[in-house]
Amino acid sequence: MTRDSRQRKFFAFRDAVFLSCAAAALALFVHSGERPPEGEKYADITVDGQIVKTIPLGREGTYSPAGRPGVQIAARGGMIGFVRSDCPDKICVHTGFLSIPGQSAVCLPNRVVVRVASRKEEELDSIVY
Amino acid sequence: MKKYAVREITSLALMLSMILIISAVESMFPVLPFHMRFGLSNVVTMYALFFVGFRQAFTLSALKSLFVFLTRGPIAGIMSASGGITSLLATASIAALSSGASYLFLSVAGALVHNMTQLAAASFIVSTNLMPVYLPILIAAAIPAGVLTAALLRAVMPVFKAISPEKTRLLRT
């Protein structure tokens, strides 16, 4: 690659157009996103892509997935989250507690995902018109 | 020849230390959810890419990922390398194809590619499709991050110019 040309601009008018379009498309996309239905909430715990446990959010207690003794997930007060992990970054723990369907917390080094969903969402999936 | 090699190593070392310091300071003040960061150190990488050379920018990106790998572990290293290298390649490709593309456009495009590659890498690592959950927020975050990087590049260009442009020209052998 040659040294960059001097005439390249930092900002061009079409950037404003591009950014406005991107923002509008995104706003439309987020707005049109389906509202999570109010139903019985639960959390799926996934290890290596396999759902290993489904915990209703009303429950209280802790859980460590099989083969992941360093990971502890706790459900309390209608919420769920990682409370302990032996990974270096602890991003999963810092994510905090989740309670809204669609939210998730991820521990990359342990390959564990906690995802909140609601029961009605599942029922809707099976409706055939 | 040898004089230029020493200069090149020194200038790369200086830029790498800038990248590492900016990243370290930035991670001390988490202001965004999901452990997202603005990636302010990309100002230096962008400067290297456009005003020094692709090879040097690539070296900086690779060394930064190596540093992350050594200090924060293999997963963080893979995330850093995947995002860093693909966004650098994408930015350089767009710049090569279009001389009219502004730095702001290149910066936003780089941020988008960075975020999407990292999301794909994370999905691959956990064998779970994380796209539905994180794609909207990561696309949304890439826009201000890219704008901020371009604005900062513009703001600090006089400083960069003062410390190196005529000297970096000598780097090209």
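Just so we're on the same page: letters track the sequence lines, and every chain starts at 1. For clarity, every value in this text was computed on a predicted model and none was experimentally measured.
B/M18 and B/L40 fall within the same hydrophobic cluster, defined by Ile, Leu, Val, Met, Phe, Trp and Tyr side-chain heavy atoms under 4.5 Å apart, directly or through other members.
Salt bridge A/D48/A/R111: present, at least one basic N to carboxylate O contact under 4.0 Å.
Contacts between B/I125 and chain A at a heavy-atom distance below 4.5 Å involve backbone atoms as well as side-chain atoms. At a 4.5 Å heavy-atom cutoff, the contact between B/L104 and chain A is made by backbone and side-chain atoms alike. Interface residue A/C107: only backbone heavy atoms are found under 4.5 Å from chain B. B/A101 touches chain A through backbone and side chain together, each having a heavy atom under 4.5 Å away. Heavy-atom distances place both the backbone and the side chain of A/F11 under 4.5 Å from chain B. Neither the backbone nor the side chain of B/I137 has a heavy atom closer than 4.5 Å to any heavy atom of chain A.
Legend: side chain to side chain donor-acceptor pair (under 3.5 Å) pairs involving residues 131-140 of chain B, not counting sequence neighbours, sorted by first then second residue: A/S104-B/Y134.
Not one N or O on the side chain of B/S80 forms a donor-acceptor pair closer than 3.5 Å with the backbone of B/A76.
The candidate with the highest count of non-hydrogen atom pairs below 4.5 Å against chain B, out of A/T95, A/L108, A/T46, is A/L108. With chain A as partner, the option from B/A122, B/G146, B/A150 having the largest number of non-hydrogen pairs under 4.5 angstrom is B/A122. Note on B/P74, B/S102, B/S127, B/S107: by heavy-atom pairs under 4.5 Å with chain A, the leading option is B/S102. Annotation: maximal heavy-atom pairing with chain A below 4.5 Å, among B/I139, B/I78, B/V126, occurs at B/V126.
Between A/E60 and A/G77, the closest heavy-atom pair is OE2-N, 2.9 Å. For A/S99 against A/M79, the heavy-atom pair with the smallest separation is CB-CG, 3.6 Å.
The local environment of CZ in A/F18 is crowded, with over 12 non-hydrogen atoms from other residues, nucleotides or ligands closer than 6.0 Å.
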